[in-house]
Amino acid sequence: MKEVKVKGLAFDKRNNTPVVILEIPNSSLVLPIWIGSCEAFALSLALQKAEFPRPLTHDLMLNIIESFGAIPQELFIDSLEDNTYKAKLILKVNDQKKEIDCRPSDGIVLATKKSIPIFTTEKIIAEGGIRIEDQDQTEEREFKDFVEHLDIDQIRKYFENEEKGEGEGHEGN
């Protein structure tokens, strides 16, 4: 089992899809996981520790989990089947561990909000990991700059355009 950290969000321009980038500490590898627009927005808010007067969906999930006395312990991205990652949210309930099947995207948002560790397997890293040092230096610098300067307003604008049918590569109806 290897711990991974959320490095940031990016957009796959070829597929017009958000991607969460998981960093493998002490390695030149990252693990990209393609996620949905809603989850990307929720993750961007969690990364910025944005507060809202009323609970959003992932806050509601955490409120329900905790109201039953469960404590989120860790997220385990445990398999890759048909190009889809699978994950388990590990909860501590009355000194017992409970595994809850979840989408990695939702689990990553919850893990980010609660600052719990995220783990995966060596096999998944070998299958899906990308070596950053293999990119030319310009692409790597641009990628790092994008991740480090991720702007919530840029993400909001992207999602607003998607809703209006004006997203990049969107032909409309």
Side-chain angles (χ1 to χ4, degrees), residues 1-27 29-52 54-132 147 150 152 155-156 158-159 162-163 167:
M1 222 172 24
K2 278 281 227 193
E3 186 169 2
V4 296
K5 304 272 186 197
V6 176
K7 184 175 182 86
L9 284 166
F11 288 102
D12 177 350
K13 290 182 181 180
R14 281 182 273 180
N15 297 311
N16 204 26
T17 306
V19 182
V20 62
I21 307 298
L22 300 176
E23 174 181 40
I24 293 88
N26 303 316
S27 167
L29 293 172
V30 295
L31 182 65
I33 298 180
W34 281 254
I35 62 175
S37 300
C38 293
E39 293 78 14
F41 185 68
L43 181 57
S44 68
L45 295 174
L47 288 169
Q48 293 188 20
K49 300 189 185 320
E51 297 288 327
F52 289 88
R54 303 290 301 141
L56 300 177
T57 304
H58 290 88
D59 301 314
L60 174 63
M61 287 194 296
L62 286 169
N63 290 344
I64 292 169
I65 288 168
E66 292 171 347
S67 74
F68 286 102
I71 302 167
Q73 297 287 294
E74 62 191 24
L75 178 68
F76 184 46
I77 301 170
D78 60 348
S79 66
L80 175 61
E81 299 171 19
D82 299 320
N83 291 322
T84 301
Y85 289 97
K86 309 267 175 124
K88 302 267 187 306
L89 179 64
I90 311 300
L91 304 175
K92 182 178 176 185
V93 184
N94 298 327
D95 295 327
Q96 294 181 342
K97 285 192 175 185
K98 300 283 184 187
E99 292 184 358
I100 308 298
D101 183 36
C102 71
R103 297 183 305 175
S105 55
D106 289 323
I108 291 168
V109 173
L110 297 175
T112 300
K113 286 183 160 292
K114 295 306 285 184
S115 299
I116 61 173
I118 303 170
F119 296 97
T120 193
T121 66
E122 294 282 352
K123 181 180 179 192
I124 287 175
I125 293 169
E127 290 175 6
I130 296 173
R131 191 167 305 282
I132 291 179
V147 170
L150 187 63
I152 188 75
I155 293 171
R156 278 191 183 121
Y158 170 83
F159 293 124
E162 280 295 304
E163 289 175 5

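Scope of the values below: all heavy atoms of this structure, side chains included, with no hydrogens, waters or symmetry mates.
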List the steps, then state whether side-chain contact (heavy atoms from CB on, under 4.5 Å) holds for Ile130 with Leu29. CA-CA 5 Å; Ile130 296 173; Leu29 293 172; 5.9 Å; no
Using side-chain heavy atoms (C-beta onward) and a distance below 4.5 Å, is Pro25 in contact with Lys2? no
Just by distance, do the side chain of Thr120 and the backbone of Ile77 share a donor-acceptor pair under 3.5 Å? yes
Sidechain-backbone polar pair: Asp12 side chain, Arg14 backbone, donor-acceptor under 3.5 Å: yes
For the residue pair Phe76 and Met1, establish whether any side-chain heavy-atom pair is separated by less than 4.5 Å. yes
One should read off an interatomic distance between Ile125 CD1 and Ile24 CD1, to the nearest 0.5 angstrom, of 4.5 Å
Would you give the length of the straight line joining atom NZ of Lys88 to atom CG of Asp78, rounded to the nearest 0.5 angstrom? 4.0 Å
Any side-chain heavy-atom pair of Val109 and Thr57 under 4.5 Å: no
In short, Gly128 meets Pro32 closest at the heavy-atom pair O-CD, 3.4 Å
Can you list the residues that meet the side chain to side chain contact (heavy atoms under 4.5 Å, CB included) rule with Pro117, with sequence neighbours excluded? Glu3, Glu74, Phe119
Working to the nearest 0.5 angstrom, can you tell me the gap between Ile108 CD1 and Lys113 NZ? 14.5 Å
I need the minimum non-hydrogen distance between Pro55 and Asn63, along with the two atoms involved. CB-ND2, 4.0 Å
In this structure, CD of Glu23 is separated from CD1 of Ile132 (nearest 0.5 Å) by 7.0 Å
Surrounding CG of Asn15 (heavy atoms of other residues, nucleotides or ligands, distance under 6.0 Å), is the total greater than 12? yes
Among residues at least two apart in sequence or on other chains, which ones pass side chain to side chain contact (heavy atoms under 4.5 Å, CB included) with Asp95? Lys92
Might you point out which heavy atoms bring Ile116 and Gln73 nearest each other, and give the distance in Å? CB-O, 3.5 Å
What are the two closest heavy atoms between Thr112 and Leu47, and how far apart are they? CG2-CD2, 3.9 Å
So NZ of Lys86 and CG of Asp101: to nearest 0.5 Å the spacing works out to 7.0 Å
If you apply the rule side-chain contact (heavy atoms from CB on, under 4.5 Å), what do you find for Ile118 with Lys5, and how did you get there? CA-CA 7 Å; Ile118 303 170; Lys5 304 272 186 197; over 6 Å; no
Tell me the salt bridge (charged side-chain N to carboxylate O under 4.0 Å, His left out) pairs involving residues 36-52, sequence neighbours left out? Glu39-Arg103
Please round to the nearest 0.5 Å and tell me the distance separating atom CG of Leu31 and atom NZ of Lys7. 13.0 Å
Minimum heavy-atom distance between Ser44 and Phe41, given as atom pair plus value: OG-O, 2.7 Å
Please name the pair of heavy atoms, one in Lys114 and one in Leu62, separated by the smallest distance, quoted to 0.1 Å. CG-CD2, 3.7 Å
Checking Val93 against Phe68 for the side-chain contact (heavy atoms from CB on, under 4.5 Å) test, could you report, in this order, the C-alpha distance in whole Å, the side-chain angles of both residues, the deciding distance, and whether it holds? CA-CA 8 Å; Val93 184; Phe68 286 102; over 6 Å; no
side-chain contact (heavy atoms from CB on, under 4.5 Å) test vs Leu110 passes for just one of Asp59, Leu75, Ile100, Leu89, namely Leu89
